[in-house]
Amino acid sequence: MTTSGAGLSDPKSLVLLAARLRSRGTIDDILLTISMLSGRDPLADSGPFGDRDPHHFRSVVIEMIDGGMIRSRGDLGRLSLTLVGAERLRSAMADSTARVGRDNVEDAYQEFIDVNREFLSAVSTWQSGPASGVELFSDLVGRIIPAVMSLSLVLPRFSCYPPRFDSALNNAADRREWIESPLIDSVHTIWFELHEHFLASLGLVRSDER
C-alpha cells in the first residue's frame, strides 16, 4: 500500500507530514491536510489508506501517539511531532526527495525564497492598515506558481497549492481576511504551509535559513 499521490511510501509518513504542516492542528485539521496533499478524500474507501474502514485514519493517529511519534495537547487535542516523529519524517522525506532528484526540489525552493521576503513585507504592510492591494499578492503568488507546478509533476502532493491560492485570492477581492487570517485557508496560511513543505522536503527547519 502506498500514498503515491503524495509521493510518500506509506500512510504514516503522510500523517507525519500533515502533522508538521498543520502543527498544533486538530485531528480534523490533519485529515483535511492529508486530503489536499493526496488529492483524495481520506474518508472515502478509495482514499490514501486504501480499502479500509473510513475511520482508520484516527486509529493511525492514536497508534502514532501511543508510539511516541505525535503528541496531543490540550482539550482540543492539538497535535505536533515529537523528536522521534520528526526524525522518522525526515527519513521518509529524504527518500521521497531522492527519488525525484533533490535538484528539482531545491530549484523550486529557491524560486520561492527569491519572492518570500517581498511577500512577508507585503503582509506586514497589509496588517498595519494601508492595503497593498490584492493585485500585489496575486503578482507575488504568480511568480512562484510556475515552479510549484513544475515540481508537482514529479511530486504530486505540491499540486494542491495553485488552486488553493486561486480560491483565497478570489475570496480576498471582497474580504480582506482572506489575505492574512490564520484561521482560514488564506493566502498567508497557504504560503506559510508551502514554505514549511519545502523545508520538510529538504530536511531543513526555519532556523537553517538565518
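Only this structure's heavy atoms are used, side chains among them; waters, hydrogens and symmetry mates stay out.
- Atom CZ of R90 is separated from atom CG of D95 by 9.0 Å, given to the nearest 0.5 angstrom.
- Looking only at side-chain heavy atoms (C-beta outward), L151 and F112 stay at 4.5 Å or farther from each other.
- Counting heavy atoms from C-beta on, the side chains of L79 and R71 never come closer than 4.5 Å.
- By the 6.0 Å contact criterion, CZ on R73 is open, its count of non-hydrogen atoms from other residues, nucleotides or ligands being 12 or less.
- Cluster annotation: L14 and V84 are assigned to the same hydrophobic cluster (Ile/Leu/Val/Met/Phe/Trp/Tyr, side-chain heavy-atom contacts under 4.5 Å, transitive).
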* **Stepwise side-chain hydrogen bond (donor to acceptor under 3.5 Å, both in side chains) test for S167 and N170** => CA-CA 5 Å; S167 178; N170 287 335; over 6 Å; no
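- At a threshold of 4.5 Å between side-chain heavy atoms, the hydrophobic network of Ile, Leu, Val, Met, Phe, Trp and Tyr places L136 and F192 in two separate groups.
- The closest side-chain heavy-atom distance from I144 to L194 is below 4.5 Å.
- A salt bridge links E193 to R22: one of the charged nitrogens lies within less than 4.0 Å of a carboxylate oxygen.
- Nearest heavy atoms, L89 versus S13: CD1-O, 3.9 Å.
- The aromatic rings of W126 and F137 lie perpendicular to each other, with more than 60° between the two planes, well past the 30° mark.
- You'll find the side chain of V141 stays beyond 4.5 Å of the side chain of I190, heavy atoms only.
- For the residue pair S201 and R157, a side-chain donor N or O sits within less than 3.5 Å of a side-chain acceptor on the partner.
- For the pair S38 (side chain) and I34 (backbone), a donor-acceptor distance under 3.5 Å is present.
- M64 and I62 are assigned to two separate hydrophobic clusters, defined by single-linkage of ILVMFWY side chains at heavy-atom distances under 4.5 Å.
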